[in-house]
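Heads up: the structure comes next, in structure tokens.
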There are 2 protein chains.
Amino acid sequence: MEPLQVIAAPRRMRILELVWDRELPAGDIAAEFDVSWSAVSQHLTVLKQAGFLVERREGTSRFYRADKEALGPLRAVVEDHWRRSLNLIKHLAEAEEGQCSK
Amino acid sequence: MEPLQVIAAPRRMRILELVWDRELPAGDIAAEFDVSWSAVSQHLTVLKQAGFLVERREGTSRFYRADKEALGPLRAVVEDHWRRSLNLIKHLAEAEEGQCSK
DNA sequence: ATCTTAATTTAGATTCATCTAAAATAAGGA
DNA sequence: TCCTTATTTTAGATGAATCTAAATTAAGAT
């Protein structure tokens, strides 16, 4: 699969962000989404095949972590996406605080 | 539509490259593809809405040109994609020349 | 051996982006 | 006004990516 297509899927972008600077077991990643583990596992496979994710096995668990270097120029895209998501959340929080309509 | 989704479509990536450093009428762009003008027009609309394309009208024609600034960090992705495509073509040509199997 | 936990794989269903075809718009010339 | 050229818009068809559910693998504990 083409690198751009790999990170263009919102779910996969989100997964990358989750394991951006820490290792997580597949289960913890799956728990972040309200889709089946199966679906998440399939996304992990795509990311792994693209080389964007490194896998470490330990017992029955599998840990994943982003491989930032492998992303090349796409790294900046992921970082920008993350930055903008945080900004969005911040702005929403401020708006919430501002009106206090509850 | 999300910026990343906009450039992730191969056809739209190709369109961006076509009007990267020159203006082209919609017709000339459509002529580059073997799909209907309608399909190309729809892609132009998506790119325009994302702000990645500027439109200039003159008589019955519409000219399009890429807005590189508007692409932000995605600009590097498009440029990289283009560079790699050229490289691929170059390598294919060299391989062809090397074997001369015709 | 069997059970449990963690995760993947497979097969089929669903959804969404893209495509085609046809009708519509818009500008300008005969 | 009618025709032509250039392009878009709309509506419906198609296909690829993603999803669910169920079966499968794999490691370790009882």
Side-chain angles (χ1 to χ4, degrees), chain A residues 1-19 22-67 71 74 77-78 81, chain B residues 1-19 22-67 71 74 77-78 81:
Chain A
M1 200 171 193
E2 218 199 319
L4 186 53
Q5 304 300 327
V6 173
I7 70 155
R11 197 83 68 191
R12 286 195 289 270
M13 173 66 83
R14 197 63 219 302
I15 290 176
L16 269 183
E17 289 170 354
L18 280 172
V19 297
R22 64 177 163 177
E23 211 182 38
L24 280 182
D28 286 18
I29 298 170
E32 285 290 320
F33 304 96
D34 56 356
V35 294
S36 67
W37 282 37
S38 163
V40 174
S41 179
Q42 286 166 60
H43 284 303
L44 290 173
T45 301
V46 172
L47 285 163
K48 204 167 48 185
Q49 277 174 353
F52 297 163
L53 229 50
V54 298
E55 186 189 272
R56 183 175 66 85
R57 302 193 183 192
E58 189 182 317
T60 115
S61 298
R62 301 194 191 186
F63 293 84
Y64 293 96
R65 181 165 39 81
D67 185 341
L71 281 158
L74 295 179
V77 176
V78 178
H81 188 273
Chain B
M1 200 172 195
E2 218 201 316
L4 187 52
Q5 304 298 327
V6 173
I7 70 155
R11 196 86 66 193
R12 287 195 289 268
M13 174 66 85
R14 197 62 217 305
I15 290 176
L16 270 182
E17 290 170 354
L18 280 172
V19 297
R22 65 178 161 176
E23 211 182 37
L24 280 182
D28 286 17
I29 298 169
E32 286 288 320
F33 303 96
D34 56 355
V35 295
S36 67
W37 283 38
S38 163
V40 175
S41 178
Q42 286 167 61
H43 283 304
L44 290 173
T45 300
V46 173
L47 284 162
K48 204 166 49 187
Q49 279 175 351
F52 297 163
L53 231 49
V54 297
E55 187 191 270
R56 183 174 65 86
R57 301 193 183 192
E58 190 182 317
T60 116
S61 298
R62 301 193 191 187
F63 294 85
Y64 292 96
R65 181 164 39 78
D67 185 341
L71 281 158
L74 294 180
V77 176
V78 178
H81 187 271

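Here is the naming used below: chain letters follow the sequence lines, and residue numbers restart at 1 for every chain.
Following rounding to the nearest Å, E58(B) (CD) and dA26(C) (C1') show an atom-to-atom distance of 15 Å. Atom CD of E2(A) is separated from atom C1' of dA16(D) by 15 Å (rounded to the nearest Å). In this structure, CZ of R57(A) is placed 9 Å from C1' of dA26(D), rounded to the nearest angstrom. Here the P atom of nucleotide dT8(C) and the CG atom of L53(A) are 10 Å apart, to the nearest Å. Regarding Q42(A), its CD atom lies at a distance of 15 Å from the C1' atom of dT15(C), rounded to whole Å. Per the geometry, CH2 belonging to W37(B) stands 20 Å off P belonging to dA24(C), to the nearest Å. The CZ-P distance, from R14(B) to dT18(C), rounds to 16 Å in whole Å. When the P atom of dC19(D) is taken as reference, atom CG of L44(A) falls 12 Å away, rounded to whole Å.
Sorted by residue number, the members of residues 23-35 of chain A with any non-hydrogen atom under 4.0 Å from DNA chain C read P25(A), A26(A), G27(A). Residues of residues 3-13 of chain B having a heavy atom closer than 4.0 Å to DNA chain D: none are found.
Looking only at side-chain heavy atoms (C-beta outward), H81(A) and P3(B) stay at 4.5 Å or farther from each other. Side chains of L4(A) and L4(B) form a contact here, defined as non-hydrogen atoms less than 4.5 Å apart. Residues F52(A) and V19(A) form no side-chain contact, since every pair of their non-hydrogen atoms from C-beta on lies 4.5 Å or further apart. Contact check for R56(B) versus E23(B): side-chain heavy atoms found under the 4.5 Å cut-off. Residues F33(B) and I15(B) form a side-chain contact, since some pair of their non-hydrogen atoms from C-beta on lies under 4.5 Å apart. Within the 4.5 Å cutoff, the side chain of Y64(B) has heavy atoms near those of the I29(B) side chain.
A close approach under 4.0 Å does occur between a side-chain nitrogen or oxygen of T45(B) and OP1 or OP2 of dT9(D). Between dT8(D) and Y64(B), a contact under 4.0 Å exists linking OP1 or OP2 to a side-chain N or O. Note on T60(B): every side-chain N or O is 4.0 Å or more away from OP1 and OP2 of dA6(D). Residue H43(B) places no side-chain N or O under 4.0 Å from the OP1 or OP2 atom of dA17(C).
For Q49(B), the side chain to side chain contact (heavy atoms under 4.5 Å, CB included) partners at least two apart in sequence or on another chain are T45(B).
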Evaluation steps, side chain to side chain donor-acceptor pair (under 3.5 Å), between R12(B) and H43(B):
CA-CA 6 Å; R12(B) 287 195 289 268; H43(B) 283 304; 3.1 Å; yes

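Counting only heavy atoms from C-beta on, S41(B) has its side chain closest to dT8(D) among dT8(D), dT18(D), dC19(C).
Taking only distance into account, the side chain of S61(B) never meets the base of dT5(D) through a donor-acceptor pair shorter than 3.5 Å. Between the base of dT7(D) and the side chain of S38(B) there is no donor-acceptor pair shorter than 3.5 Å.
To the nearest 0.5 Å, the span separating CD1 on I7(A) from CD on E17(A) amounts to 10.0 Å.
Using a cut-off of 4.0 Å between Lys/Arg side-chain N and Asp/Glu carboxylate O, R65(B) and E55(B) are scored as not salt-bridged.
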